[in-house]
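This report concerns only the one structure given below.
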Amino acid sequence: NAGVTQTPKFQVLKTGQSMTLQCAQDMNHEYMSWYRQDPGMGLRLIHYSVGAGITDQGEVPNGYNVSRSTTEDFPLRLLSAAPSQTSVYFCASSSYSTGHTEAFFGQGTRLTVV
Amino acid sequence: AQSVTQPDIHITVSEGASLELRCNYSYGATPYLFWYVQSPGQGLQLLLKYFSGDTLVQGIKGFEAEFKRSQSSFNLRKPSVHWSDAAEYFCAVELMEYGNKLVFGAGTILRVKS
């Protein structure tokens, strides 16, 4: 059981480049989300999805797009990378079976924008 | 606005000593609270959660936490720390917005002296 898998683990981009961070889960969870982690700020929600075909913005969505065509996959796209997007990105998935969020996290993608 | 505060950015304890990590939340309704641990280069792992009922909850790796409504606190404790407990610890509260998102504190980095 792989849980939540993120790729790549590390990435360096030049300002203005685009890229997609991949996230896949094999737990059949309805809820998936993307967070960014910056020193001293904990994790902040970028985008989330409550099911296939449904996505919505979190606290810090600017500069990022998402889609959810299947239950398993939830890619995060950076359209035009900026140095302010240098961060560690975490994908998480949760089941609503208990009525509450019990999130499982991927190992993260460390992104540097130069 | 709802928030989670972890007052201690860094804590150092000796191996075998007891540990308490502080967490205060600001949330009007009955909160759903979590503690996560992040080892270096890893994703976040759930240590324990509080939804309702007994205010003292047990988690994995010998950790426990006590919910105190009067103090708006959910402090994490361990009676005897092991060197492998060195990590960053995050307190989080579940909010019924953004699809039941998690709001994280800034984290506390635990260092264990041998």
Side-chain angles (χ1 to χ4, degrees), chain A residues 2-7 9-10 21 23-25 27 29-51 54-61 66 68 74 88-110, chain B residues 1-10 21-27 29-53 57 59-60 67 74 87-109:
Chain A
V4 180
T5 302
Q6 286 184 239
T7 55
K9 287 188 168 53
F10 302 93
L21 309 185
C23 176
Q25 53 97 2
M27 296 173 282
H29 285 168
E30 308 94 331
Y31 184 90
M32 296 186 74
S33 52
W34 276 101
Y35 290 84
R36 59 176 290 172
Q37 182 182 26
D38 301 293
M41 302 185 72
L43 281 77
R44 292 179 292 167
L45 182 66
I46 304 171
H47 284 286
Y48 68 98
S49 167
V50 298
I54 306 169
T55 65
D56 211 339
Q57 297 180 350
E59 301 169 272
V60 288
V66 292
R68 184 100 180 266
F74 190 46
V88 181
Y89 292 84
F90 287 99
C91 179
S93 74
S94 315
S95 171
Y96 275 162
S97 61
T98 62
H100 298 287
T101 303
E102 186 165 339
F104 295 82
F105 285 82
Q107 293 202 328
T109 296
R110 185 173 295 275
Chain B
Q2 296 88 353
S3 67
V4 177
T5 303
Q6 293 179 246
D8 305 304
I9 298 174
H10 294 93
L21 302 183
R22 295 182 292 164
C23 173
N24 293 96
Y25 63 90
S26 168
Y27 187 52
T30 301
Y32 301 107
L33 297 158
F34 306 82
W35 274 100
Y36 284 86
V37 60
Q38 183 183 29
S39 298
Q42 302 297 312
L44 279 74
Q45 181 183 21
L46 180 66
L47 280 176
L48 48 78
K49 58 185 183 284
Y50 171 78
F51 289 163
S52 64
V57 294
I60 62 171
F67 169 63
F74 188 57
E88 189 163 15
Y89 292 79
F90 291 94
C91 181
V93 62
E94 181 189 66
L95 298 184
M96 301 302 176
E97 61 178 4
Y98 296 132
N100 290 42
K101 77 165 184 176
L102 294 174
V103 174
F104 288 86
T108 298
I109 297 172

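Sequence lines set the chain letters: A, B, ... in the order given, protein chains first and strands last, and positions in each chain run from 1. Because the structure is a prediction, the values reported are computed rather than measured.
Of the atoms belonging to B/E88, it is side-chain heavy atoms, and not backbone ones, that fall under 4.5 Å from chain A. For B/Q45, no part lies under 4.5 angstrom from a heavy atom of chain A.
Rounding to the nearest 0.5 angstrom, the gap separating the CZ atom in B/F104 from the CD atom in A/Q37 is 9.0 Å.
The two residues B/Q38 and A/F90 have their closest heavy-atom pair at NE2-CZ, 3.0 Å. The minimum heavy-atom distance linking B/A106 with A/G40 is given by the pair CB-O, 3.3 Å.
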| field | side chain to side chain contact (heavy atoms under 4.5 Å, CB included) assessment of A/Y35 paired with B/L102 | value | CA-CA 10 Å; A/Y35 290 84; B/L102 294 174; 3.5 Å; yes
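Residue A/I54 places its CD1 atom among more than 12 non-hydrogen atoms of other residues, nucleotides or ligands, all under 6.0 Å distant. Within a 6.0 Å sphere centred on CZ of A/R110, heavy atoms belonging to other residues, nucleotides or ligands number 12 at most.
For the pair B/L46 and A/F105, the minimum side-chain heavy-atom distance is 4.5 Å or more.
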